[in-house]
Amino acid sequence: MDRLLELGPEFWVAAAETLYMVALTLLIGGFFGLLLGIVLYATRPGSLLSNRAVFTVVNVVINFFRPIPFIIFLAAVQPLARYVIGIGIGNNALIFSLSIASSFAIARIVEQNLITVPPGVVEAARAMGAGPFRILRTVVIPEALGPLILGYTFVLVAIVDMTAMAGFIGGGGLGNFALVYGYRQFEPAITWAALLLIVIFVQGLQFLGNWLARRVLRR
Amino acid sequence: MALVALKNVTKTYPPQAKGGRAVVAVDDVTLEVEPGDVYGIIGYSGAGKSTLVRLVNALEPASSGSITIDGRELVGLPERELRGIRLGIGMIFQQFNLFDSKTVHANVAYPLQVAGWSKAEITARVAELLEFVGLADKARNYPDQLSGGQKQRVGIARALATSPRLLLADEATSALDPETTHEVLELLKRVNREFGVTIIVITHEMDVIQSIATKVAVMDSGRVIENGDVFDVFSDPQNPSSQRFVSTVVKGVPSPAELAVLRERHAGRIVTISFRDGDASQAQVFLELANAGLDFELVYGGINDIQGRAFGHLTLAIRGADASIDAALATIGSRVEVTEAR
């Protein structure tokens with residue numbers, strides 16, 4: 001316990017780093033995931049902008065990257081991170097890799113939720129003379145918003161999980177804190193303190209997501 | 001000029017699997033819908049009627065043939081121009097297809113936003129439409145707070161928002177109970193009468209046709225097998241499939257099984273007399289039988305009213321001397337159709 005008090009400042013820095021990584025990844029990965037998910041939904045056969053070539057390419061790319069274990073992906077993408085954001089280590093490099101990985105996961109979740117919008121509703125909008133982009137923006141996404149929020153919440157928890165690997169490429173965060181000060185120094189109390197805070201984060205995010213989805217669904 | 005004219009329209013779907021057979025959903029259909037018509041299209045599910053109506057507002061492109069709306073050819077028109085045409089055609093659906101995430105007001109406002117109306121114009125128009133369908137107090141509610149009938153009324157308000165000349169109703173009452181069906185059909189009648197909107201009604205229920213349509217087309221396996229004035233098709237269906245539909249609402253000639261039961265219960269000769277508007281009246285027929293000193297009773301059938309015109313089949317059991325029955329039937333037969341069951 002004394003050791004934990006001693007490490008107090010580092011602990012809170014690590015917590016802030018975790019929040020920073022999660023927030024930025026959600027922003028970037030969430031944006032590109034939404035985009036990719038909409039592309040998947042809209043280009044699938046029989047959909048609003050059905051295009052077999054685009055659908056197949058995006059689908060194959062996602063299927064290729066999705067099963068790669070993140071810790072390997074992190075190593076594999078390092079040269080690309082160095083090239084794009086100028087650095088291959090640290091929190092920002094993790095955000096870079098995690099944004100890519102999570103956008104593929106989010107794309108699938110977005111696609112799955114958009115598919116649940118009844119085709120009849122889309123047809124009704126088409127019958128009213130609305131174009132495909134207007135329908136995506138004003139019908140498909142609003143109709144699927146509740147489940148979309150729950151899907152994002154689900155991914156968000158996975159993102160918190162994956163930020164714990166930042167230490168592997170020289171980043172920080174609560175995961176790194178737990179490993180460096182807890183596990184390696186035989187201080188289970190420290191490991192557990194980090195763990196508890198992560199659990200609190202996750203619970204808070206889940207609660208927020210549920211609350212938002214409920215508001216949107218009016219239930 | 002016809003508002004909607006279909007000429008040799010065919011819709012073929014490519015085979016589902018490699019080596020499979022192409023599906024012909026609509027097969028060489030030619031139809032004309034005049035302004036002000038309530039045109040019923042009836043058929044069993046899979047007869048191609050829903051596909052047909054989707055060709056009319058180009059939700060699906062026809063494979064061949066010509067479809068004109070108000071003289072304008074749709075087949076081959078680019079998607080962008082078709083959108084403009086769809087704005088001028090309302091459509092309502094079996095499952096209502098309301099936007100669950102939007103209020104009743106926003107649902108009705110949607111086509112107006114697509115049409116580029118200003119906010120003030122939209123507010124005024126939506127209020128007017130909700131007033132017309134009797135849901136002015138539900139503007140702020142969401143669709144899942146409404147009953148089926150109310151949902152369809154919102155659907156109708158939404159379909160009428162841009163003041164279309166043509167309204168397509170795809171099984172619009174099939175998900176509703178009889179009471180609500182009646183309510184919605186009455187509303188559609190008002191739409192036709194008060195706004196002069198031409199309506200194409202797709203249904204598998206003959207009583208829907210009976211209560212609102214002026215013309216009807218019977219579809220089977222993608223083809224229109226019979227069409228014309230509702231009265232003509234109802235009073236004298238030519239095709240076996242049409243006869244089956246008509247028999248669901250019109251109690252006509254007894255079937256052989258029913259005939260056997262009638263014979264068991266009633267003595268005398270069983271004769272069916274078919275009345276059509278303009279023929280001899282029932283009074284004249286009964287008077288003839290009475291004057292011949294015959295004893296008769298009504299055992300089967302009924303008289304129907306379609307568009308204010310009456311027709312029907314009455315089956316009588318007639319008792320008396322065979323010669324006087326023959327004489328009386330000959331006299332009656334010169335005025336109306338008489339068939340004796342053997």
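Just so it is clear: chains get the letters A, B, ... in the order the sequence lines come, proteins before strands, and each one is counted from 1.
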**Message:** Under 4.5 Å from any heavy atom of chain A, what part of L87(B) do you find: side chain, backbone, both or neither?
**Reply:** both

**Message:** If I compare all heavy atoms of A125(A) with all of Y110(B), which pair ends up nearest, and what's the gap?
**Reply:** CB-CE2, 4.2 Å

**Asked** Crowded around F154(A) CZ? As in, over 12 foreign heavy atoms under 6.0 Å?
**Response** no

**Message:** Using a 6.0 Å cut-off, check whether atom CZ of F195(B) has over 12 heavy atoms from anything other than its own residue.
**Reply:** yes

**Message:** Taking atom CD as the centre, does E73(B) end up with more than 12 heavy-atom neighbours from other residues, nucleotides or ligands that are less than 6.0 angstrom away?
**Reply:** yes

**Message:** Suppose a student defines contact as a heavy atom less than 4.5 Å from any heavy atom of chain A. Which residues in residues 43-63 of chain B would they list?
**Reply:** R54(B), N57(B), A58(B), L59(B)

**Prompt:** Should we say atom CZ of F32(A) is surrounded by more than 12 heavy atoms from elsewhere, each under 6.0 Å from it?
**Reply:** no

**Prompt:** Do F99(B) and T138(A) have side-chain heavy atoms sitting under 4.5 Å apart?
**Reply:** no

**Message:** Could you measure the distance from the CG atom of D144(B) to the CG atom of L217(A)? Nearest 0.5 Å is fine.
**Reply:** 9.5 Å

**Item:** Side chain / backbone / both / neither for R158(B) at chain A, heavy atoms under 4.5 Å
**Value:** side chain

**Asked** Which residue out of E79(B), M91(B), R86(B), R80(B) racks up the most heavy-atom pairs below 4.5 Å with chain A?
**Response** R86(B)

**Prompt:** Between L98(B) and V121(A), which heavy-atom pair has the shortest distance, and what is it?
**Reply:** O-CG2, 3.8 Å

**Item:** Atom group of P142(A) that falls short of 4.5 Å from chain B, counting heavy atoms
**Value:** both

**Minimal non-hydrogen separation, E143(A) against K102(B), with atom names** = OE2-N, 4.4 Å

**Message:** Are more than 12 heavy atoms, taken from residues, nucleotides or ligands other than I89(A), located less than 6.0 Å from that residue's CD1 atom?
**Reply:** no

**Asked** Do side-chain atoms of N97(B) reach the backbone of G120(A) as a donor and acceptor pair under 3.5 angstrom?
**Response** yes

**Message:** Rounded at 0.5 Å granularity, tell me how far CG in N107(B) sits from CE in M128(A).
**Reply:** 7.5 Å

